[in-house]
Number of protein chains: 2
Amino acid sequence: MSRPKRADARRNESTLLDAAAAAFVDSGVEAPVRDIAARAGVGVGTIYRHFPTRADLIIAVYRHQVDACAEAGPALLARSPSPHAALGEWLNLFVDFLITKHGLAGVLQSDSPGFETLHTYFLDRLLPVCAELLAAAASAGEISGGVKAYELMRGIGNLCIGSETDPDYNARNLVNYLITGLRQTSE
Amino acid sequence: MSRPKRADARRNESTLLDAAAAAFVDSGVEAPVRDIAARAGVGVGTIYRHFPTRADLIIAVYRHQVDACAEAGPALLARSPSPHAALGEWLNLFVDFLITKHGLAGVLQSDSPGFETLHTYFLDRLLPVCAELLAAAASAGEISGGVKAYELMRGIGNLCIGSETDPDYNARNLVNYLITGLRQTSE
DNA sequence: TTACTATACGGAACAACGTTCCGCTTAGCC
DNA sequence: GGCTAAGCGGAACGTTGTTCCGTATAGTAA
């Protein structure tokens, strides 16, 4: 076991998280590393020591909210009138999260190496929840069992791209059509 | 009116189109400008003289196919059993086009300046067709009139992102759920 | 208090990208 | 054969993410 981190290191890490969060709000998740460093009054090297890649910084900033979303799944399933309704509500929760973080949806789908950890984190955390909701809806006979959780999550994520910047595009509408379409396919 | 283009210029333009098409097939539409120039045995400056921006090159390469897609709309409407069926077929045609061009869907939604002309070209050409199909389906009472053509096209485009690289994600399935969902909303 | 060292820092430097610019070349015409 | 507008190549610029290393300092032991 190594010694605990130095005090200045701990301080910088927290400063960086705040600066990143602020930068993401102002300029989206694609805010340049240099901007974030400048905001925090820190060199770029410091960022990379704390967060091996930009994706890790993004994860650190949003971890709490992703976890909250994951935990909401079972809760919705318990108190919703039907599994399909719970699935719909949960997906809308996910959509809300994505489109309030400028550009997160886009970065999430990016297949550029370096965003793998981001991809992985979201999947690890949310895929099981989605699968559970889907299974419940399927065994209630509300949807076909052929819907794959990964495909659905990825599709929802894709639909959210650009929804925060383009006033003529509202991902929520399309997501709801999609959810409707899932049910009709049931029988 | 200025003189017609010089022979070498015309030759280079056509060589560039071929080189770009080949590069897009090999490495996707995000193929670096330098690669395309090298393939054509030409300097990068030559590309930019013929095509002010990368987006213009992409448009030039795919123009024919976009036009073909646009023209297929009215034809499908004429020979399909119902407007909703025609809409579905046409959207699948659009999806086929997008997912066979590596990364085109992604670039199409990119809001980075410089891709505006690409955005505009697709919209100019395809939006009216989509709107016509939607209107026909709406007045046949098959779908709600509230579906906006732009939103639908953008959503379909989004769904196609990554469908060519990720073996576990097939945009076609989700697009079909979406199309189904459109009808059910008619009630 | 002082001295020592692992830890952490800053920012120059690198590679890859789209794009611009300009000195040289050449096609087409008189 | 020469003149000139048109066209060309590729170095150079500005912007990315990321790496690297000389310097500074926190924490500890004397």
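No hydrogens, no waters, no symmetry mates; every other heavy atom, side chains included, goes into these values. Here is how names work: the chains are called A, B, and so on, in the same order as the sequence lines, proteins then strands, and each is numbered from 1.
In this structure, A:R54 fails the cation-pi test against A:F115, since its NZ or CZ atom is not both closer than 6.0 Å to the six-membered ring centre and inside 45 degrees of the ring normal.
Side-chain N/O atoms of B:T46 include one lying less than 4.0 angstrom from OP1 or OP2 on D:dG9. At the phosphate of C:dC9, OP1 or OP2 sits under 4.0 Å from a side-chain N or O atom of A:H50. When the side-chain nitrogen and oxygen atoms of A:N12 are compared with OP1 and OP2 of C:dA8, none of them lie within a distance under 4.0 Å.
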Show the atom names and distances, to 0.1 Å, of all donor-acceptor pairs under 3.5 Å that link a side chain in residues 99-109 of chain A to residues at least two apart or in another chain.
residue: A:T100; atom: OG1; partner: A:D96; partner atom: O; Å: 2.9
residue: A:T100; atom: OG1; partner: A:F97; partner atom: O; Å: 2.9
residue: A:K101; atom: NZ; partner: A:Q65; partner atom: OE1; Å: 3.0
residue: A:Q109; atom: OE1; partner: A:R154; partner atom: NE; Å: 3.1

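Once rounded to the nearest 0.5 Å, the distance linking CD of B:E89 with NE2 of B:H84 reads 11.5 Å.
Listed candidates were C:dC14, C:dT19, C:dC9. Nearest to the side chain of B:T53 is C:dT19.
Looking at A:R49 and A:E13, their side chains never come closer than 4.5 Å, going by heavy atoms from C-beta outward. Counting heavy atoms from C-beta outward, A:L159 and A:Y169 have side chains that approach closer than 4.5 Å.
Between A:I47 atom CD1 and C:dG10 atom P the separation is 10 Å, expressed in whole Å. Remark: P of D:dG17 and CZ of A:F51 are 16 Å apart, rounded to the nearest angstrom.
Mapping A:A9 and B:R34 onto DNA chain C via the closest heavy atom, the residue that lands nearer the 5' end is A:A9.
Counting only N and O atoms by type, the side chains of A:N173 and B:E151 include a donor and acceptor under 3.5 Å apart.
No option in B:R6, B:R10, B:R11 other than B:R6 meets the side-chain hydrogen bond (donor to acceptor under 3.5 Å, both in side chains) test with B:D8. Between B:Y177 and the options A:V147, A:L152, A:T180, A:I179, a side-chain contact (heavy atoms from CB on, under 4.5 Å) holds for only A:V147.
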Letter per nucleotide, 5' to 3', of nucleotides 19-28 of chain D [B base touched, S only sugar-phosphate touched, - untouched; heavy atoms, 4.0 Å] | BB----BSSS
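The stretch residues 35-42 of chain A touches DNA chain C through A:G41, A:V42, each having a heavy atom under 4.0 angstrom from the strand.
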